[in-house]
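All remarks here apply to the structure that follows.
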Protein chains: 2
Amino acid sequence: MAGVSRSTVSRVINGAPHVSAAARDAVHRAIARLGYSPNHAARTLAGRRANAIALVVSEPGSRVLADPFFAGVLRGVHAELAGQTQLVLMMNPSDDLVAYLSGGHVDGAIVVSLHGEDPLPQLLHDKGLPIVVGGRPLAGAVPYVDSDNFNGALEATRHLVSLGRTRIACVAGPRDMAVGRDRLSGWRRGMHGLPADLVEHADFTPQDGAKAMAALLDRAPDLDAVFVAADIMALGALKILHERGRRVPEDVAVVGFDDSVLAATAVPPLTTVRQDVERFGRTLTWRLLAELNGAEGLPPSILLPTELVHRDSA
Amino acid sequence: MAGVSRSTVSRVINGAPHVSAAARDAVHRAIARLGYSPNHAARTLAGRRANAIALVVSEPGSRVLADPFFAGVLRGVHAELAGQTQLVLMMNPSDDLVAYLSGGHVDGAIVVSLHGEDPLPQLLHDKGLPIVVGGRPLAGAVPYVDSDNFNGALEATRHLVSLGRTRIACVAGPRDMAVGRDRLSGWRRGMHGLPADLVEHADFTPQDGAKAMAALLDRAPDLDAVFVAADIMALGALKILHERGRRVPEDVAVVGFDDSVLAATAVPPLTTVRQDVERFGRTLTWRLLAELNGAEGLPPSILLPTELVHRDSA
DNA sequence: CGGATTTCTGGGAGCGCTCCCAGAGTGGTG
DNA sequence: CACCACTCTGGGAGCGCTCCCAGAAATCCG
């Protein structure tokens, strides 16, 4: 040691008050000299907090993980995390997930990519575990962070309308996710007055986007614009439009959503709605940590702004 | 409790021998009834193992995380992990990463997306921390798992040669990563006899792929095929070829690498080299856990097979 | 059927910290 | 100068487990 007791070292490391400058310096020097790093398990056991939060990906085998969206969120989460807190990754479903999470192994949890009316977040919340959901959950009253999908889709659709298009279709996301519903609602609102009948739902994959676009063209060969609720689906839609001899944007204007890396290199480059995914992750983490630190008056949910990015497809 | 002592419970949970069937059943029933879940911190502190492995992503702000490749690996890692072991995510660089990792907080580490001659894995290995690197490291003698990039690229190139193409270019990956170098070597070998001068290096982004393709066309307007060392770059390459009026595959045949979700929906659908990323992650984890469990005679490194997938672009 | 083995079980010690309490030192006030 | 703050420090207890050892019970052997 560095001439002081365990207690003093503990106080220094945890930044507690009532430590003399001399003692603090001595401890810091000793830490540097010994390459000491506090034992995570011991402090977790002794203190009442786990110094860890869980990131629960509620979709086992699947697209969300393979989505650049998730990667960006992950980056944001990590960036916001203080070095003291561990990030433990868990995937759902897992038989003992609820028991584990509410068993004091983590201080809180971030839950992402919920489907349908998954009771998981509400369950955890009821058990007293601080929780934040990434993306508005369809069921339950728990804190969440989401992009402003409704207004993003609204702005995208208004842009198409302002271009003079009148037969505007929509390739919507899955019905069982809020992100799918909210973007569809935004499109509906933007269509006000125009017939909003051309809708096809699809999963967030290029294949499904292609299938939906083909169905739309079969139903309405005269459509002159389409709002696709995700860039990754827009890629498939562009392929179909190309195969069927439609020029983009001359014959059919296309707007996507996400502004993923793919948007700029699509043929033609995609006009799309940008959401800042890294900020999404940072906000998620910030909200959770604030709650853990006992902050008062936190907003129950946070909506992050979106922004239309103009390129060539519309 | 269920009529037995702490020790017996511990033995049951850890599957130790010398426990009567009656006692085991009683404990299991009690566990189920109480919803008991053992405290991770306590067992880590008491036992000598941390019951956790680290996943170190050695690229802070970056593309690898946003790559479907990483997502697949993550899924594989998680699938292979026993429920007992936590997965702790860490990102490099971090000032105290080495101290933390070698401080007994984790039992082992998986390190992915190394650049250049990063000394990190060797450093950790020298400190006695079991480690496996995802993708052949350029420096150091540590266990690794990698796709057979060389033979994948070789097969891709031979396919182009067998098509009768003679001016075959290569959009290669970054020079400072083994994955970039190995795929380039495979292409060179496959070209045997043909002039292997048409090479442009690029980062694994569509933008960079486009830039490289444009440079290639400027240098050799007569090229009739190109091997692109990643699907994500091939997307950019296809865009340039389209803009410059080259038909694919009639004028220029294109083969990619990875068989990511993007390959099938490219225009035209991309012939590419498939690597099973989830298996990659599973293998990585399997190798690490085997070492942790004291397995003997483990192969120092493992090369996973690749497979050419025929679509329309070549 | 006694003794040697083997199977099973309980209790003690201790992992490395944090929390709490008590005591030593320092300064300010009536 | 006694008294009461207040700041700083050290030591004890204990977090929930695993490991080890010793003793009880069951099984085997000549």
Side-chain angles (χ1 to χ4, degrees), chain A residues 1-31 33-52 82-86 88 96 99-107 292-294, chain B residues 1-31 33-52 82-86 88 96 99-107 292-294:
Chain A
M1 288 254 188
V4 297
S5 75
R6 308 193 308 284
S7 304
T8 306
V9 175
S10 176
R11 274 185 280 262
V12 171
I13 290 177
N14 294 292
H18 308 316
V19 181
S20 68
R24 186 169 13 250
D25 283 359
V27 171
H28 277 140
R29 270 198 308 278
I31 287 178
R33 193 147 39 80
L34 269 52
Y36 168 86
S37 151
N39 184 302
H40 183 260
R43 43 193 338 198
T44 296
L45 186 57
R48 66 281 185 142
R49 61 190 320 173
N51 303 302
Q84 298 280 40
T85 306
Q86 283 193 348
V88 179
D96 52 355
Y100 183 88
L101 288 177
S102 50
H105 304 284
V106 295
D107 298 321
L292 293 184
N293 293 329
Chain B
M1 290 251 188
V4 297
S5 75
R6 309 195 306 283
S7 303
T8 306
V9 175
S10 175
R11 273 185 280 263
V12 171
I13 290 176
N14 294 290
H18 307 316
V19 180
S20 69
R24 183 165 22 244
D25 282 358
V27 171
H28 278 141
R29 270 198 308 276
I31 288 179
R33 192 148 38 81
L34 269 52
Y36 167 85
S37 150
N39 184 300
H40 183 261
R43 43 194 338 200
T44 296
L45 186 56
R48 67 279 186 143
R49 60 190 321 171
N51 302 303
Q84 297 279 39
T85 307
Q86 282 193 346
V88 178
D96 52 356
Y100 183 87
L101 288 178
S102 49
H105 304 285
V106 294
D107 298 320
L292 294 183
N293 292 328

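Computation of the quantities below employed the complete heavy-atom set of this structure, encompassing side-chain atoms and omitting hydrogens, waters and symmetry-equivalent molecules.
- Note that the CD atom of Q86(B) and the CD atom of Q86(A) stand 6.5 Å from one another [nearest 0.5 Å].
- For R6(A), the listed nucleotide lying nearest its side chain is dT18(C); candidates were dC17(D), dT9(C), dT18(C).
- Of the candidate nucleotides dT9(C), dC15(D), dG10(C), dC15(D) has the atom lying nearest to any side-chain atom of L45(A).
- If you check every strand for non-hydrogen atoms under 4.0 Å, A23(A) touches sugar and phosphate atoms only.
- For the pair S20(B) and A46(B), both in contact range of DNA chain C, the more 5′-proximal nearest nucleotide belongs to S20(B).
- Each of S7(B) and A42(B) has a nearest nucleotide on DNA chain C; the 5'-most of these lies closest to S7(B).
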Can I get a per-line list of side-chain donor-acceptor pairs under 3.5 Å for residues 22-31 of chain A, giving both atom names and the distance, sequence neighbours left out?
| residue | atom | partner | partner atom | Å |
| --- | --- | --- | --- | --- |
| R24(A) | NH2 | V19(A) | O | 3.3 |
| H28(A) | ND1 | R24(A) | O | 3.4 |

- Note on the structure: Going 5' to 3' through nucleotides 21-28 of chain D and flagging B where a protein heavy-atom sits under 4.0 Å of the base, S where only the sugar-phosphate is that close, and - otherwise, we get --------

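- Considering all non-hydrogen atoms of both residues, A52(B) and H105(B) come closest at CB-O, 4.4 Å.
- Comparing the axis of the opening five pairs of the helix from dC1(C)-dG30(D) to dG30(C)-dC1(D) with that of the closing five pairs yields an angle of 40°, rounded to 10°.
- Here A46(A) pairs with nothing under the side chain to side chain contact (heavy atoms under 4.5 Å, CB included) rule; sequence neighbours left out.
- The shortest heavy-atom contact between A42(A) and L45(B) is CB-CD1, 3.8 Å.
- Note: CZ (R43(A)) to P (dT18(C)) measures 5 Å, nearest angstrom.
- Close to dT18(C), at under 4.0 Å from its OP1 or OP2, lies a side-chain N or O of S10(A).
- Every residue two or more places apart in sequence or in another chain that forms a side chain to side chain contact (heavy atoms under 4.5 Å, CB included) with N51(A) is listed here: H40(A), R43(A), T44(A), R49(A).
- When rounded to the nearest whole Å, the span between NE2 of H40(B) and P of dT18(D) equals 11 Å.
- For N39(B) and dC15(C), the CG to P distance is 18 Å, given to the nearest whole Å.
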